[in-house]
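What follows is a set of notes on a single structure, which appears directly below.
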Amino acid sequence: MTEESASLNFIEQLIADDLAAGFDPNKLRFRFPPEPNGYLHIGHAASICLNFGLGEKHNAPVNLRFDDTNPSKEEQEYVDAIKYDVQWLGFQWAKECYSSDYFQQMYDWAIQLIKEGKAYVDQQSAEAMAEQKGTPTAPGVASPYRDRSVEENLDLFERMKAGEFEQGSYVLRAKIDMASPNMLMRDPLLYRIVRKAHHRTGTEWCIYPMYDWAHGESDYIEQVSHSLCTLEFKMHRELYDWFLDQIYDPALLRPKQREFARRNLSYTVMSKRKLLELVTSKTVMGWDDPRMPTISGLRRRGYTPESIRKFSELSGISKRDSVTDVSLLEYCIREDLNKSATRVMAVLDPVKLVITNYPEGKTEILQTENNPEDPNSGTHDLPFSGELYIEREDFKEEAGSKFFRLTLGNEVRLKSAYIIKGESVVKDADGNILEIHCTADLDSRSGSGTEASTRKVKGTLHWVSIQHAIKAEVREYDRLFLDEAPDSHEDKNFMEFVNPDSLKVIKEAYLEPFLKNTTIEDKFQFQRLGYFTLDKDSTSDKLVFNKTVGLRDSWAKQQPAPTPQNASSKPGNQGGGQAQGQRSALNEIQKIAKKYTNLSGDKLTAARADIAKLAEDVTYEELAPLFNTAAKKVGTRIGVMIALGVLLKKGQERNAEIEAFLAAGLEDGNEELVNEAKKL
RNA sequence: UGGUCUAUGGUGUAACUGGCAACACGUCUGAUUUUGGUUCAGAAGAGUCUAGGUUCGAGCCCUAGUAGACCAACCA
């Protein structure tokens, strides 16, 4: 029942305004218009969620329209993949449309434009036309063919269509304004000749409409009310409207184009061209490589449709370009999987653990919860024996009190099993640990109901029984790029930032046997490690798991040890741009001073005294930069003035900087500031 | 150097026709926990790009700057 007191983004606001102005809600219609020349990525998901979300909200139809006007780039394979992805995300389109379905209509309209003297056939080279276009600062010059007769234009255009000319030899241009400040209005192309079979129309056409001509007219044909696209099309809106003006019937709905910012994700790239480059250069295994920000890549990695929709919702829609931190995406998938993923145990980096007091050869079947977050999820069998694998990093011969895993002489619980105590280690000649020997409290079995079974111990470890374990390959992924925004550097190519260690393959991991018959749809939490899902490379005799995302790990954060990759947070730039515990006296002064102008009476006197006291610990070098504090920030300047007074008293020599700051203070409109300045 | 757009904690978004800058992620504490997960309680972090102006009052309105993005494909 959360009524929409929630704030609207600017697109929703626009629609609300249109509705308020009398727009018929039954005429609301949207569309998602991909070009089938690549796979959809998380940025497209934003557009999909926006358009289909608007459709759901207003109970309006949303078309899936393939913008297929360039047969040299587009393929059926992409059409199929896009349809699959949109459906997988959970959306159903009203109609499946293609710009190519409207080729005849657009051709007819082009004839109309020619007849009205608003379009002409040009036969210059692309270079010549580019030159005539001028520059953003200089107007263009007219083509020598601009004033051909209507008859001649009609004749040439029909012959273009009939296939009489070579690819690239003739084009149809709109006759608009060669001096427009908007370069797109300088007689833009409507049609070019392309000698290539189209994935739908075959060789029926050899002239193809350009984007600007096709897009708006397709919106109009479909009677799309709000045509939403990304910011780089803002300039195209003028053309979009001009084209519509030429053919618009006032009895019909006139589409409206609006633009929003495309969504970028940190540590990756988001253009089809760049993603394609990653694929063709074999930097990744394909469009659906789990490291790719494509929908198919995320799906293979183990992301759910819900998590991607949630991410779109949380990211919002706006008009400024931005880079959303991947941590938000990771939050979304963890939140979803925490509720639904089955808990299992797997050891990725094993070390052998022998329980010396467990009867030799004995095994037993224990029970373990499928999901503690879901009381109805039930339990599954878990075989136990006296020889186990545990994670190598879960044992240290000796460690500080903050380490609450296994050490010699310390107790920990084996998840869903017994409490054990480290006794001794067996090492090879080089000092590598081969085996850890421990004893178990045989009364402490989980769920047995004994007093010992409910004892509290600090740590709990995951494990697998060696004789029961199954083997699998596990693939762990790190960010594909080492730079937060790899394609934002003018002087460097984004490929230079590729992370060489983005894929880590563990050839032989050990899993509990429950995992033997899993499908690609299943989602698991390998306890204490993260969320995992089966990869499509799996075969009946070789399982391959992908790590979707790790669990949050507050232990890893405390480790001073260098965690070269997988460190989930970027170094240093968090927490207010200043390291914790480094708060200096100067910071304290700034903090107090900020609110200084709001104080009066005793509080003011106290604040002044505090600042003066703190100033004892401030050096001139620290203070000087604050002389440039904006005039508006009066409180801060007063604080700086007070601190300066203390320094001068301590023997700081007056210099030009100080004098300038004093002079500015004396001239200020704020009384307090003037008073403080006068004292000096 | 022309045109267009944008500017709010580290990040992403809010703040209705001017009225105490809010939410989420992230960060940090503490509690709970048979996952160093989850959950719960709390904290820090912003003078809203700068300088002026209008106003009792400006993140919001005006002016001038600054910074970033986009625009000269027979791509979309």
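In the text below, chain A, chain B and the rest are named by the order of the sequence lines, each starting its count at 1. All of these numbers come straight from a predicted model, not from anything done at the bench.
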Going by atom types only, do [X] and [Y] share a side-chain donor-acceptor pair under 3.5 Å?
X	Y	value
A:Thr450	A:Arg445	no
A:Asp122	A:Gln124	yes
A:Ser180	A:Asp177	no

For [N] versus [M], give the span between their [atom1] atoms, rounded off to a whole number of Å.
N	M	atom1	result
B:rG26	B:rU11	C1'	7 Å
B:rG19	B:rU55	C1'	12 Å
B:rA24	B:rA14	P	15 Å

Query raised in the report: Looking at side-chain heavy atoms only, is the closest gap between A:Phe532 and A:Thr548 below 4.5 Å?
Result: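 A:Phe532 vs A:Thr548: side chains apart.
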Query raised in the report: Taking side chain as C-beta onward, heavy atoms only, is A:Trp555 less than 4.5 Å from A:Arg528?
Result: no
Report task. State whether the distance check finds a donor on one side and an acceptor on the other, under 3.5 Å, for side chain A:Glu369 versus base B:rU34. Result -> no
Query raised in the report: Counting only distance, no hydrogens or angles, is the base of B:rU34 paired donor-acceptor with the side chain of A:Arg413 under 3.5 Å?
Result: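 Donor-acceptor pair under 3.5 Å: yes.
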Report task. Could you point out which residue of A:Val269, A:Ile42, A:Leu329, A:Val326 forms a side chain to side chain contact (heavy atoms under 4.5 Å, CB included) with A:Pro293? Result -> A:Ile42
**Report entry** Given B:rU35, B:rA14, B:rA72, the nucleotide with the shortest approach to the side chain of A:Lys133
**Finding:**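 Closest nucleotide among those given: B:rA72.
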Nearest-Å distance for atom pair [atom1]/[atom2], residues [X] and [N]:
X	N	atom1	atom2	result
A:Gln527	B:rU38	CD	C1'	12 Å
A:Trp205	B:rC74	CH2	C1'	17 Å
A:Leu184	B:rU4	CG	P	14 Å
A:Asp487	B:rC70	CG	P	10 Å
A:Arg309	B:rA24	CZ	P	22 Å
A:Lys415	B:rG36	NZ	C1'	13 Å
A:Leu329	B:rG26	CG	P	12 Å

Requested in this report: Quickly, which of A:Arg413, A:Glu369, A:Gln367 forms a side chain to side chain donor-acceptor pair (under 3.5 Å) with A:Ser446? Name it, please.
Outcome: A:Arg413
**Report entry** N/O (side chain, A:Ser318) to phosphate O (OP1/OP2, B:rU13) under 4.0 Å
**Finding:** yes
Query raised in the report: Can you find a side chain N or O atom of A:Ser72 that sits less than 4.0 Å from OP1 or OP2 on B:rC75?
Result: no
Query - A:Phe103 ring center near A:Tyr208 ring center (under 6.0 Å) - result: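 Yes, the ring centres sit under 6.0 Å apart.
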Query raised in the report: Looking at A:Tyr191 versus A:Phe157, is the centre-to-centre ring distance below 6.0 Å?
Result: yes
Report task. With sequence neighbours excluded, tell me which residues meet ring-ring contact (aromatic ring centres under 6.0 Å, His included) with A:Phe233. Result ->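 A:Phe233 satisfies ring-ring contact (aromatic ring centres under 6.0 Å, His included) with A:Tyr211, A:His236 once adjacent residues are dropped.
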Find every protein N or O atom lying less than 3.5 Å from an N or O atom of nucleotides 1-3 of chain B, and list the pairs.
unit_1 : atom_1 : unit_2   : atom_2 : d
B:rG2  : N3     : A:Pro136 : O      : 3.4

Whom does [N] pair with, Watson-Crick or G-U wobble, provided both distances fall under 3.5 Å?
N	result
B:rC23	B:rG12
B:rA73	none
B:rA51	B:rU63

Please write out the pairs of protein N or O atoms and N or O atoms of nucleotides 39-43 of chain B separated by less than 3.5 Å, giving the distance to one decimal.
none

